[in-house]
Amino acid sequence: TGCGGTEKSSTDSGKGKDGDLPAVGATIYKFDDNFMSYVRRAMETAADGKVNLMLNDSQNDQAKQVEQVDTLIAKGAKSLAINLVDPKAAQTIIDKAKVKDIPVIFFNKEPDASVLKGYEKAYYVGTTSSESGILQGELIAKAWEANKDTWDKNGDGKLQYVLLKGEPGHPDAEARTKFVVDTVKEKGIEVDELALDTGMWDAMKATEKMDAWIAKYNDEIEFVIANNDGMALGAIASLEKAGYFSGDKFMPVVGVDAIPEALEMIEKGKMVGSILNDAKNQGAATVQLAANAANGKDVLEGTEWKLDDAKAVRVPYIEITKDNIQVGKDAYK
Amino acid sequence: MNTQATKKSTIVKWLFDNVIYVFLILLVIGIVIASPDFLSMTNLINILSQSSSRIIIALGIAGILILGGTDLSAGRMVGLAAVVSASLLQAGDYAYKMYPNLPELPLFVPIIIAMLVTGLFGTLNGFIVSKFHVPPFIATLGMMIGVYGITSIYFDRPPYGAQPIGGLSESFTTFAQKGIKLGQYEFPYLILYAIAFSIIIWVLWNKTQLGKNMYAIGGNPEAAKVSGVNVAKNIIIIYMIAGLLYGFSGTLEAGRVGSATNNTGNMYELDAIAACVVGGVSLSGGIGTVPGVITGVLIFQVINYGLAFLGVSPYIQFIVKGAIIIVAVAFDMRKHAKKK
Amino acid sequence: MNTQATKKSTIVKWLFDNVIYVFLILLVIGIVIASPDFLSMTNLINILSQSSSRIIIALGIAGILILGGTDLSAGRMVGLAAVVSASLLQAGDYAYKMYPNLPELPLFVPIIIAMLVTGLFGTLNGFIVSKFHVPPFIATLGMMIGVYGITSIYFDRPPYGAQPIGGLSESFTTFAQKGIKLGQYEFPYLILYAIAFSIIIWVLWNKTQLGKNMYAIGGNPEAAKVSGVNVAKNIIIIYMIAGLLYGFSGTLEAGRVGSATNNTGNMYELDAIAACVVGGVSLSGGIGTVPGVITGVLIFQVINYGLAFLGVSPYIQFIVKGAIIIVAVAFDMRKHAKKK
Amino acid sequence: MSEASSANLLEMINLTKRFPGVIALNNVSLKVKAGSVHALMGENGAGKSTLMKCLFGIYSMDEGKILLDGKEVTFANSKQALENGVSMVHQELNQVRQQNVMDNIWLGRYPKKGIFIDEKRMYEDTAAIFKSLDIHIDPRSKVGSLSVSEMQMVEIAKAVSYNSKLIVMDEPISSLTEKEVNHLFTIIRKLQSDNVAIIYISHKMEEILKISDEVTIMRDGQYIATKSAKELTTDEIIKLMVGRDLSQRFPEKINKPGVVTLKVKDLTAETEGSFSNINFELRKGEILGVAGLVGSKRTEVMEALFGIRGIKSGSIELNGKVVHNHSPQHAIKNGFALVTEERRTTGIYPQLSISFNSIIANLPQYRKGLFLSENKVHDDTKWVIDSMKVKTPSQKTPIGSLSGGNQQKVIIGRWLLTKPEVLLLDEPTRGIDVGAKFEIYQLINQLAAEGKGIIMISSEMPELLGVTDRILVMSNGRAAGIVETKTTTQEEIMRLAALY
Ligand SMILES: Nc1ncnc2c1ncn2[C@@H]1O[C@H](COP(=O)(O)OP(=O)(O)OP(=O)(O)O)[C@@H](O)[C@H]1O
Ligand SMILES: Nc1ncnc2c1ncn2[C@@H]1O[C@H](COP(=O)(O)OP(=O)(O)OP(=O)(O)O)[C@@H](O)[C@H]1O
Ligand SMILES: OC[C@H]1O[C@@H](O)[C@H](O)[C@@H](O)[C@H]1O
Ligand SMILES: [Mg+2]
Ligand SMILES: [Mg+2]
């Protein structure tokens, strides 16, 4: 079965049986991004038999992506589905597509509204970065209020947290870091930031930062906020090592993405919650719009999606806790 | 019969000496066989223009490699230059300007400033290597990490924080994205810049004292020293020139992409060093040519572009790319390995 | 007076010869001054256990560096081993198992399989380097790219696609996360593994023919050939051993965080090579010791951990880290550079 | 001559130079007259090169002062030395092998036209210098493709081209043959007539006495004496150098050739233009010399015997059995050993210890199970140091910090440890002082007396005549003849060497 998967993806993106279908050129900003790989799968599924999806791995390099767009255009793509590396590079992509009158569906990373407006055949499918931060903040606030008695270890009424940030400069990392704290504060909870450091989205790095923080602050830490689940899981590994989650030693941890591994942790009670980044629908919507565009139809034809003022299809983030864990699981069905 | 034999052996020798050019041609032929429509003017122009900024970086690194050094900081310097130049040349009406009150400068100003900044860090590299005898690997690794920190601090600032720096002024994007119309094709300026720098560097390496000294230092630093060459000075200048090239290339990257972040240029040095080695530059110093470096970059770019064009699945692309790189150099090595 | 003077100069000489150990101590003192509570058993254990798997990787790479080679594929091999071992040892009741029907294997099986796989790729590295005379930089760069492709294909498969391979069986996480209780502290097994491998490698380098051959090849490959060393065979074995070490380390990495992805291990080689160089391994081959390598890794880890512990802002961390690396080596170089 | 010219051009006064663990120079003085040839002599490690490196700005001295033309100077680097009229031929070839001859000659002072290098002038000037020195090398050929002796001639030409007042030649002729040595002497005479002073370092007594005006002798980092060459004899020099009488240059021959051990039949190299149809026999207990001009492919024959070079046809028989030495490993297993010609490139492991350098070709002998026996390693290293009289602070000292001659002794020791049946020596005494030479000859003799077969390439005629039993003379890749040492003459050998 191992080879089955490989062959499938290579024919999907190659000429093979899909050769006669309309060609959609797609770029993923980074293939080995956990979350984006779910989106990619959803796109592959949605494309099957409908369009010839030519997938590219931009390897987190915007210049590479710009080049891939050149290649895709040279190969005769009828529409483009672009997961930007750097959201401000949208104009450059549009400039290239415009020359050949090719529609562009941006997804997952949102271009400036004014840029989208500048090209009538440009659309966006995705979320809003800030939303995940806001939802995470709300989740934290709710959980804190409910468990204040035990979680506020020093009883000062303030929430002492440590925050594991994603890659500095990454729009998601920046937005989540800012909005999660802002939201918690807006909900009237006083906070103290004990430490903030980057774990570069990476579980291992997060484990090691957490090791140091536990050593330094020990029981002073009352909350662990992570910009994504990968780092949340890393923090949990460190906490477990320090004796948390056994007996009555507990630490609330939250992440973003709601990847399956995190869902397990939520079920086991080692994680308070996460924010579901709805990969399935982002991927499906992207391909639906791109296929329509490639066939010269109205992008929304035959779909249930709606465009907002910014020509964007919004796939909402969903807050996931133990209570609605099934919602998370369904996303991976 | 005898003359025929010698003729044949001359051709064989020529082929051996130029394996890498032959390899590039074979590579193109291979791709064309797999997909005949690869052979188009558009693809040629695409490949050349994609190679342009890489060639400029590779030429900078190549000089350092010929010296017997290395430079891991190249990519981060490109990023620094991209961020600096982009921040100084955003369109006047753009909503998220880093310097809201900065008037639209003439194009050359941000380019020069970016080049000065990276030229300075390049000089610092050279200084650390030559004056403190820190091995280039470590000196430039430290620089790579440090420059990233500096770029990030510059990048992640009020008023808008860590936002990609976009909305570049039109003069900037024209400079990097447009070209000269020749019939139905547009011949990108990028290619012209690469040609210009290639010529300058070629002259520098082959016609000037600095160039000869560079080869001598890389070939045998002791010999250079006892012959009265100011080794430290020459090392510093070569690193400085590399810095200037990264600076220019960084502005091209910003212009080409239409924006810049602190992640721009990440890991470019690895590709550049690899391209140099594939193009015959010796990592132990003293050996390397400009045409070789260009060919090395082109081979990489043809592989990248070709595999994507053929629609090879991305994971398989990695495997094929890895294999081709090894095979290319293995072939090239045969010329040395011919048993004595 | 005279004996006093010699005594002093002996101490100075000793300090010079051991600068790097002195540096590590100064570094720790510096951090303790900035934050006295750094001096705790917990921090010591944390730093040592964080260093453990890195030491194992660095020892693998160090052998290759002493040979005069390099290995860019180390990180990707660690990733491959992590993914392979994790996929073979998920808890029976975990919902997203890669092999839903696989029974829970004894711990040693996945470890051995992972080591065999990376040992094989290591051997391939050595083979390409020694038999086809491909420069190690290129051979292992090709391998780095290719192995990543292979790992990704293995990783990104039905039934669950590209998701982190988690839910590791308890035997696995115990192996990498637990330790021996000593009073109030838990002394992680990780550290024991690192000690065990350090001893094995020390013996290998210093007490066996393979070790001598390794230094000979790195010190002067031409002379080694004439001295009757089977250069190719020894190169292949050293690369193979490195592969085995990466394999073990990869399983540790998976066990340590409790999951693995195709991105696990990315760029580890850069840190490992840097640690080796800081620890006195010469990139031109022939020189290096096990204690040096360990010290190099510890210096890096003390920097990483220390800066995080001090709560230095992330961007500044980069700058400080870059500077410390350069300064450490600049000091170390003084022992060579003391004008002759 | 006028008074001024007999005045001292160079005065080095009470120089002291220390290295970690060694005092390389201890209060050494040297006075050199303008226009004179001043020989500097001493055993290996006496400090000759170090003294010159202090002068030339490569090392900085710890104490003492240097006067040039009566003015005190200290050159911070070689550039300053060159600019002040001092140039140097270095003991270890210091060339950029990847570049061509003229690039090497003008390195550090390229002729320029505007900002560009004036290649044409560079070529012409090089050609002119070569012409005036009667050197026939294409200025555009790559240095790496030259023979060692050609490289040495280029170095000499380069030193001369600075038009210096003082030229230091540190063992300039170690790789030169008779003819080239005479050529060099012509050059030196010519320089002398232009009032250039030469400091000449060499271990070759006859040449020293022939060429020099004055001789300064050093021992163990100390100044011993300066004498006029006219007052000196070889024996006196040796006595001053070694500090005792050395009555003979060559030890009594004690070996007795026995049955044939090595039979080389019709050996032809794989590469074209190398040697062909080589036939000779070597007996147990015999010392067979190999003579020939540079480029006569003596080295290549040895390399072929040792499995470094491929052979197209022919056979090698050892004790009646055909052996195939496909690699040095096979060769060693079959009882061969080779001390190579180029110590730096194929001999030493410079950063590694003397101990390591001693035992590396003999590792299988130290294996005890999986490990190596420390004791045996230690004992064997001690044997090398003692029997070869290696001057070193310890077994752990990196070989790279020994003087050239001492390095060579370690290498010879290395191969003796393998207890070979057939010992191949390619210029084994190059750069070695008389005392040490004597010791090496003795060792060779002793080995032969123990029944080993020994083949020794040498470009030093007296050595060949003094040590060997028979001499194979090579000419242009072919064996021109084999002569009995006892009955042959220098003239006969020269004639054979020029046969093809
Ligand atoms: N760079 C160095 N580091 C340490 N010791 C050195 C160094 N250079 C020379 N020495 C030591 O100084 C002493 C003098 O060496 P030098 O090379 O001057 O001898 P030499 O007279 O030129 O011998 P030879 O005839 O063999 O060339 C030796 O003991 C040598 O080991
Ligand atoms: N194919 C070649 N390319 C370049 N140089 C060569 C080649 N073959 C031989 N030489 C050089 O020519 C020189 C003379 O060759 P060879 O070593 O066989 O002669 P030799 O008589 O043994 O010289 P020597 O007396 O110096 O040992 C060698 O030192 C070698 O460097
Ligand atoms: O860029 C990488 C990051 O992208 C985010 O969208 C995601 O939530 C993170 O988990 C991480 O994958
Ligand atoms: Mg509190
Ligand atoms: Mg000397």
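Since we're looking at a predicted model, the values are computed, not measured. Letters A, B, ... mirror the listed sequences (proteins, then strands); counts begin at 1.
- For the pair B:Val226 and D:Phe56, the minimum side-chain heavy-atom distance is below 4.5 Å.
- In this structure, chain B has no heavy atom under 4.5 Å from any part of D:Lys113.
- Only the side chain of D:Glu119 comes within less than 4.5 Å of a heavy atom of chain B; its backbone N, CA, C and O stay farther away.
- Interface residue D:Gln95: only backbone heavy atoms are found under 4.5 Å from chain B.
- With a 4.5 Å cut-off on non-hydrogen atoms, B:Asn234 does not touch chain D at all.
- None of D:Tyr110, D:Phe116, D:Trp106 except one satisfies the side-chain contact (heavy atoms from CB on, under 4.5 Å) rule with B:Gln209; the exception is D:Tyr110.
- Counting heavy-atom pairs closer than 4.5 Å to chain B, the top-ranked of the candidates D:Leu82, D:Asp118, D:Asn94, D:Ile115 is D:Asn94.
- For the pair D:Leu107/B:Asn213, a side-chain contact is recorded, criterion being any heavy-atom separation below 4.5 Å from C-beta on.
- Side-chain contact between B:Ser282 and D:Gln98 is absent, with no heavy atoms from C-beta onward closer than 4.5 Å.
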